[in-house]
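Data first, discussion second: the structure below is written as structure tokens.
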Amino acid sequence: MELRVDKGAVRGGNPMDNSTIELRFARGDAGADTIQAAVDDIVAELKDPSSEASTAVQQAGVDLQEITDLKVDVKEGAQGLEPFVTPILIGITVSVGSKIAETLWKEVIWPRLRRRLGVNVLQEQQNDGPERPST
């Protein structure tokens with residue numbers, strides 16, 4: 001999977017400690033605002049160590065204490081001729097590195113997003129990696 005990694009992309013704190021990955025997808029059945037609301041709910045679940053999302057984080061080998069500063073931003077990219085071709089950009093920022101951000105997307109956020117908003121919430125990934133994250 002090809003990811004754009006931007007060290008120090010978060011305001012506040014020590015920018016040298018933060019990494020952001022940006023994932024780009026073709027728009028699916030939901031717009032950026034709907035996806036952002038669902039992702040915000042998923043991230044909020046991570047504050048409860050007994051939640052299903054927190055358990056998934058731990059099963060993925062990530063310590064919950066390492067992701068207390070997790071930030072996920074969902075936005076629409078530049079609109080093309082038709083609204084349905086507008087890409088959805090998902091930026092995931094954590095202080096522990098881009099590999100953890102990628103793991104959080106694949107193992108925690110993406111499966112729950114699909115469950116909440118449907119399997120077609122996003123279409124193919126617009127990178128040189130797999131078309132869609134594996135479930």
Side-chain angles (χ1 to χ4, degrees):
M1 176 187 312
E2 182 180 316
L3 306 170
R4 185 184 70 117
V5 178
D6 180 14
K7 290 275 199 185
V10 175
R11 289 183 214 116
N14 183 351
M16 297 304 283
D17 294 340
N18 297 314
S19 292
T20 300
I21 64 167
E22 186 176 90
L23 306 170
R24 182 182 181 103
F25 292 91
R27 184 185 174 115
D29 290 343
D33 291 342
T34 302
I35 295 169
Q36 182 71 63
V39 168
D40 288 346
D41 289 346
I42 294 165
V43 171
E45 285 181 43
L46 296 176
K47 296 189 185 329
D48 176 4
S50 64
S51 72
E52 180 190 353
S54 292
T55 300
V57 168
Q58 294 168 344
Q59 289 174 342
V62 177
D63 185 342
L64 288 171
Q65 296 301 314
E66 293 179 326
I67 61 166
T68 56
D69 63 342
L70 173 65
K71 182 178 179 193
V72 181
D73 291 312
V74 181
K75 62 185 178 183
E76 293 186 1
Q79 191 169 9
L81 296 175
E82 300 292 333
F84 64 87
V85 297
T86 301
I88 301 290
L89 307 174
I90 299 174
I92 304 171
T93 303
V94 291
S95 63
V96 291
S98 60
K99 191 67 174 166
I100 297 294
E102 183 179 343
T103 298
L104 289 172
W105 173 255
K106 286 182 176 179
E107 304 295 329
V108 181
I109 299 169
W110 175 242
R112 281 155 188 77
L113 190 60
R114 287 184 62 189
R115 259 189 261 148
R116 289 171 189 233
L117 300 178
V119 295
N120 292 319
V121 61
L122 295 168
Q123 294 301 313
E124 68 276 358
Q125 188 166 348
Q126 297 179 335
N127 292 338
D128 291 336
E131 288 188 2
R132 296 177 87 163
S134 58
T135 56

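Summarising the geometry of A38 relative to L117, their closest heavy-atom pair is CB-CD1, 3.8 Å, with the distance given to 0.1 Å. When all heavy atoms are compared, the tightest approach of R27 to Q123 is O-CG, 3.2 Å. Taking both residues in full, the closest heavy atoms of A53 and V108 are given as O-CG1, 4.0 Å, listed atom of the first, atom of the second, then distance.
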Quiz item: When you look at S95 and D69, which way does the side chain to side chain donor-acceptor pair (under 3.5 Å) test go after all the steps?
Solution: CA-CA 7 Å; S95 63; D69 63 342; 3.0 Å; yes

Quiz item: Going through the checks in order, is the side chain to side chain contact (heavy atoms under 4.5 Å, CB included) test met by T103 and V57?
Solution: CA-CA 9 Å; T103 298; V57 168; over 6 Å; no

Quiz prompt | Criterion side chain to side chain contact (heavy atoms under 4.5 Å, CB included) on E107 and Q59, from CA distance to verdict | solution = CA-CA 9 Å; E107 304 295 329; Q59 289 174 342; over 6 Å; no

Self-check item: Verdict with supporting geometry, L89 and L23, side chain to side chain contact (heavy atoms under 4.5 Å, CB included)
Solution: CA-CA 6 Å; L89 307 174; L23 306 170; over 6 Å; no

Practice problem: Under the side chain to side chain contact (heavy atoms under 4.5 Å, CB included) rule, what do T93 and L70 come out as? Steps first, then yes or no, please. | Solution: CA-CA 6 Å; T93 303; L70 173 65; over 6 Å; no

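With sequence neighbours excluded, no residue forms a side-chain hydrogen bond (donor to acceptor under 3.5 Å, both in side chains) with T68. Not counting sequence neighbours, Q58 has no partner by the side-chain hydrogen bond (donor to acceptor under 3.5 Å, both in side chains) test.
Looking only at side-chain heavy atoms (C-beta outward), W105 and L113 come within less than 4.5 Å of each other. Side-chain contact check for I92 versus V72: some heavy-atom pair is nearer than 4.5 Å. Counting heavy atoms from C-beta on, the side chains of E66 and V94 never come closer than 4.5 Å.
Under 3.5 Å, the side chains of S98 and S19 contain no donor-acceptor pair of N or O atoms.
The NZ atom of K75 sits 7.5 Å away from the CG atom of D73 when rounded to the nearest 0.5 Å. Note: D29 CG to N120 CG = 5.0 Å, rounded to the nearest 0.5 Å. The line from CD1 of I35 to CG of D33 is 9.5 Å long, rounded to the nearest 0.5 Å.
Listed for the S54 side chain is a donor-acceptor partner under 3.5 Å among the backbone atoms of D48.
By the 30° and 60° cut-offs, the orientation of the rings of F25 relative to W110 is parallel.
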Please tabulate, for the side chains in residues 40-47, all donor-acceptor contacts under 3.5 angstrom to protein atoms that are two or more places apart in sequence or on a different chain.
unit_1	atom_1	unit_2	atom_2	d
D40	OD1	Q36	NE2	2.7
E45	OE2	R116	NH2	2.0

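By the 4.0 Å N-to-carboxylate-O rule, E124 lies too far from R24 to be salt-bridged with it.
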